[in-house]
Amino acid sequence: MQEKYNFSGIEKKWQKIWEDEKAFKTEVDESKEKYYVLEMFPYPSGKLHMGHVRNYSIGDVIARFKAMNGFNVLHPMGWDSFGLPAENAAIKNDIHPDIWTTENIAEMKRQLNLLGLSYDWDRELATCKEDYYKWMQWIFIQFYKKGLAYKKENPVNWCPSCKTVLANEQVVDGCCERCETEVEKKNLSQWYFKITDYADRLLDNLDELDGWPHKVKVMQQNWIGKSKGAEVEFRIEDFYKRLKVFTTRPDTLFGVTYMVLSPEHPYVKLLTKGTECEEKVNEYISKISHLTDIERSSTTKEKTGVFIGAYAINPVNDKKVPIYISDYVMMDYGTGAIMAVPAHDERDFEFAKKFDLDIIPVVDSKDPEIDVNDLKEAFVAEGDMINSGKYDGMNNRDAIAEITKELIEKEIGKETTNYKLRDWLISRQRYWGTPIPMIYCRKCGWVPEEEKNLPVVLPTDVEFKGKGESPLKTSKTFAKAICPICGLESTREMDTMDTFLDSSWYFLRYCDPKNQDEIFSTEKVNYWMNVDQYIGGVEHAILHLMYARFFEMVLYDLGLVKYEEPFKNLLTQGMVNKDGRKMSKSLGNVVSPEEILSKFGADTARMFILFAAPPEKELDWSDQGVEGSYRFLNRVYRLVCEYVNEIRNEDKLKEEIIVNSADDKELNYALNATVKKVTEDAGGRFQFNTAISSIMELVNELYRYKELDSINMPLFDKAISDLVIVLSPFVPHICEELWENLGHENRLFNVSWPTYDEKALVRDTIEIVVQINGKVKEKMVIENNSNKEVMEKTALENDKIKSLIEDKNVIKIIAVPNKLVNIVVK
RNA sequence: GCCGGAAUGGCGGAAUUGGCAGACGCACAGGACUUAAAAUCCUGCGGUCUUUAUCGAUCGUGCCGGUUCGAUUCCGGCUUCCGGCACCA
């Protein structure tokens, strides 16, 4: 066996063998339990970064571990290949997005393969290929038929740099999540998906996702933003329509002192037209329309607003209150109008102070420090009702229910639930995406393309100018279509789909990626789904993960899949940082994976990344840490090499393993403890750092044992073999090489995971601790599983303990078997 | 502002059920091998005090308090940092 650890030769050799042997190909096999492990597929930017390396290393350990434990593992990889960068490259470099993307995929696949990942490449898919987006369009049509896709004109988020509209979820702090340009509002007619229909299910199902990080579930909860309350109708003086408001605090109805409409509220024009207030109202509306969303929604901004000259009548006490407009009321939440209770709402309080409006407390504070008749700030806590007629004295929690009941009886209100979640705007005014398969017929309106005509293919005769219109409009052929209903010459939809649609179901297509006749075979999807372990960055906690859940629910309702939730377990890996900061070009602290791979090899890179931190935590890149991992692999290599070349004696290997000497027992203990630890940490908890540390301990023990005068050959051989096996999911190349040199002809990923012997983990004698008043004073070696009496007796007979307690009163003795004796003295 | 999460040596981190805090690794220091270096191997490595050294004493898991024989772990109250949401009525 070659003495030097030649990682480069070894890695090339095994990558070739795996590829030639199609080592990781999977098929449905009903006789075996399946395991679907999935890493979020990448956008083919062309360059692999450390985040990818981490993501895929984690997935690969799990995939290899599960395969060795007898599971039929599905571990696919593909490309989220529609999207803006390709199109921007087209505009800039005059290269077709398809070519740019295809080249990038090839380059990235080459880099991925350098990592030795156990993918079934026969299942590779790319969302920009016709055979994928054909089914994307098919799904769109199913959504449309189910009434879940609709077109409407609305003020939408427009990114002036990306020149397209964005979904709510893609706007971060008022800016485009991709390019950080400030987002503008535009009134456009756009396609939406009715994700709001699924708000409750998206929320309720979260409870059952035990295998998801708490954090992600909370983020989705916040995003859905469910709040229960009541809708209340107010009469408006001298006006034929009633004003509806939403409130979560019907208990404060008696404290309403004014009303506020959003400036965009349709009543504003009706109520002010021709009145003396019209001018200043219009002035205000025009002023705030120049504000950006960020300016308008800043909580630090002073409240502004204007009285519109109209009054509303409070239905519970017939009080007349003035109506204002203000930009702190949003048109797209609730009814676009609020009842203002300054005594019990911070925003209303601020507004009332500024405009010198009445503040009437209706909930009394239990805290004597707070005088509700002289408030310095809004009182939002619980308390008993005051100034509220027959409800006075009632706890305000109860009053919520009682007053709501009264509203319903009088038919001036009802219970309502509101959500922050908005419908998903899915149209994009870009070329490099799935064409929306809809046709506009001037007689029949919007009609879906016939399914037999799918896919609606992206035309190639387009120009990329980067104007604010879909490049599809420059195609001479694309627009023309025949109405599937009446045959009239019609026009196609020119927008494409948000790429988040493509990634909302790719995990299903992996189950049956080559199917020409249907989106996937039910049988195959039922066998593989759902995803047992999904791994990716936490940045997808809301967008991708909620959209994918929504898709799965709709497909479930369509009878296409048997689970409502696609991802059983989710692992959100932490970021890879350098010097405590995010790796970024501008900071100049980017570590290139390829450089590390050529210097140390894939196994070292994987080892470091898995060992340096638990997967969900941030990981700080450390060059010295990488060298440490490299050192460790060299140490393992030398150990096996020395064994194979110098120590191994084939004749002795045939003997049965008999563990006899104390040293043998030590080694056997270390071996079994390590197998147990790695099995639990790598297979269950996904704490690869501790799994690896326990393997390091075994290596240390093997080095110690190797130097002994007599070596128990069969035992040592077993320990070396098991070491190589349990290490292989982490660093597969070096282990295959070692395995081969140990004389095996099979491949490690086909080898069964070793079992451990609980008996070997039971030592003859163990060390226990003797405490006095909880402080460790002495350590004693006693027989394993000694009973409490023996433990106490041994402790009390110990000379040191004796001397320490001789002039004290023993009050109590606590003995915990195999752990400690605690003597309480006074 | 609201909602989550975290805080342990010089550093990354471990302690899975309330039971020896600091596994494993990095860095550092000393030694062995070597003409020398690299590599490798061995030893030490939380603070303070004490001792020639051993042995030992004592403090120590962000801060304050509680429960307990015993708390990094449970409870209450803070501080700081990270993340999410945010005039959402």
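Because the structure is predicted, anything quoted here is derived from the model rather than measured. Protein chains get the first letters and strands the later ones, always in sequence-line order, with residue 1 at the start of each.
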Exercise. Rounding to the closest angstrom, what is the interatomic distance between C24(B) and C59(B) at atom C1'?
Worked result: 26 Å
Exercise. Expressed in angstrom and rounded to an integer, what is the separation of Glu642(A) atom CD from C41(B) atom C1'?
Worked result: 12 Å
For this session: Can you figure out which of G19(B), C59(B), C41(B) approaches the side chain of Arg635(A) most closely?
Result: C41(B)
Problem set entry | Over-ring placement of Arg635(A) relative to Tyr703(A), 6.0 Å and 45° cut-offs | yes
For this session: Look through every strand shown and name the nucleotide pairing with U68(B) as Watson-Crick or G-U wobble, where both distances are under 3.5 Å.
Result: none
Exercise. Under 4.0 angstrom, heavy atoms only, what part of the nucleic acid is Glu767(A) near: base, sugar-phosphate, or nothing?
Worked result: base
For this session: Classify the side chain of Lys420(A) versus the base of C85(B) as yes if they form a donor-acceptor pair under 3.5 Å and no if they do not.
Result: no
Problem set entry | C1' gap between U72(B) and G46(B), integer Å | 15 Å
For this session: Identify the nucleotide, in any strand shown, that forms a Watson-Crick or G-U wobble pair with U79(B), with both distances under 3.5 Å; if there is none, say none.
Result: A7(B)
For this session: Could you tell me which nucleotide pairs with A37(B) by Watson-Crick or G-U wobble geometry, both distances under 3.5 Å, or answer none if nothing does?
Result: none
For this session: To the nearest Å, give me how far apart CH2 (Trp223(A)) and P (C85(B)) are.
Result: 6 Å
Exercise. If you look at every heavy atom in Thr416(A) and Glu231(A), which pair is closest and at what distance?
Worked result: OG1-N, 3.0 Å
For this session: May I ask you to check if Lys303(A) and Tyr328(A) form a cation-pi contact, with NZ or CZ under 6.0 angstrom from the six-membered ring centre and within 45° of the axis?
Result: yes
Exercise. Considering only side-chain heavy atoms of Ser693(A), which listed nucleotide, A23(B), G5(B), C26(B), is closest?
Worked result: A23(B)
Exercise. RNA chain B: Val776(A) or Val172(A), which has the more 5' nearest nucleotide?
Worked result: Val776(A)
Exercise. Ignoring hydrogens and angles, does a donor from either the side chain of Lys812(A) or the base of C69(B) sit under 3.5 Å from an acceptor on the other?
Worked result: no
Problem set entry | Salt bridge present between Asp579(A) and Arg581(A) (N-O < 4.0 angstrom) | no
Exercise. Looking at C20(B), U40(B), A89(B), which one has an atom nearest to any side-chain atom of Gln771(A)?
Worked result: C20(B)
Exercise. Once you round it to whole Å, what is the distance between C1' of G4(B) and CD of Glu616(A)?
Worked result: 16 Å
Problem set entry | Euclidean distance for C1', G9(B) against A15(B) (whole angstrom) | 15 Å
Seminar exercise, completed: Rounding to 0.5 Å, atoms NZ (Lys812(A)) and CD1 (Ile823(A)) come to a distance of 13.5 Å
Exercise. Among G19(B), A89(B), U58(B), which nucleotide sits nearest the side chain of Arg347(A)?
Worked result: A89(B)
Problem set entry | G46(B) - base-pair partner by Watson-Crick or wobble geometry, distances under 3.5 Å | C59(B)
Problem set entry | Among G70(B), C85(B), G4(B), the nucleotide that comes nearest once only the side chain of Asn822(A) is considered | G70(B)
Problem set entry | Whether Asn818(A) side chain and Asn785(A) backbone form a donor-acceptor pair below 3.5 Å | yes
Problem set entry | Base versus backbone protein contacts along nucleotides 7-18 of chain B [heavy-atom cut-off under 4.0 Å; B, S, -] | -----BSSSB--
For this session: Rounded to whole angstrom, note down the P distance from A71(B) over to U80(B).
Result: 28 Å
Exercise. Could one point to a donor on the side chain of Asn222(A) or the base of C85(B) with an acceptor on the other under 3.5 Å away?
Worked result: no
For this session: Taking the six-membered ring for Trp and the single ring otherwise, decide whether the centroids of Tyr258(A) and Phe355(A) are under 6.0 Å apart.
Result: no
For this session: May I ask which nucleotide in the shown strands pairs with C24(B), Watson-Crick or G-U wobble, both distances under 3.5 Å?
Result: G12(B)
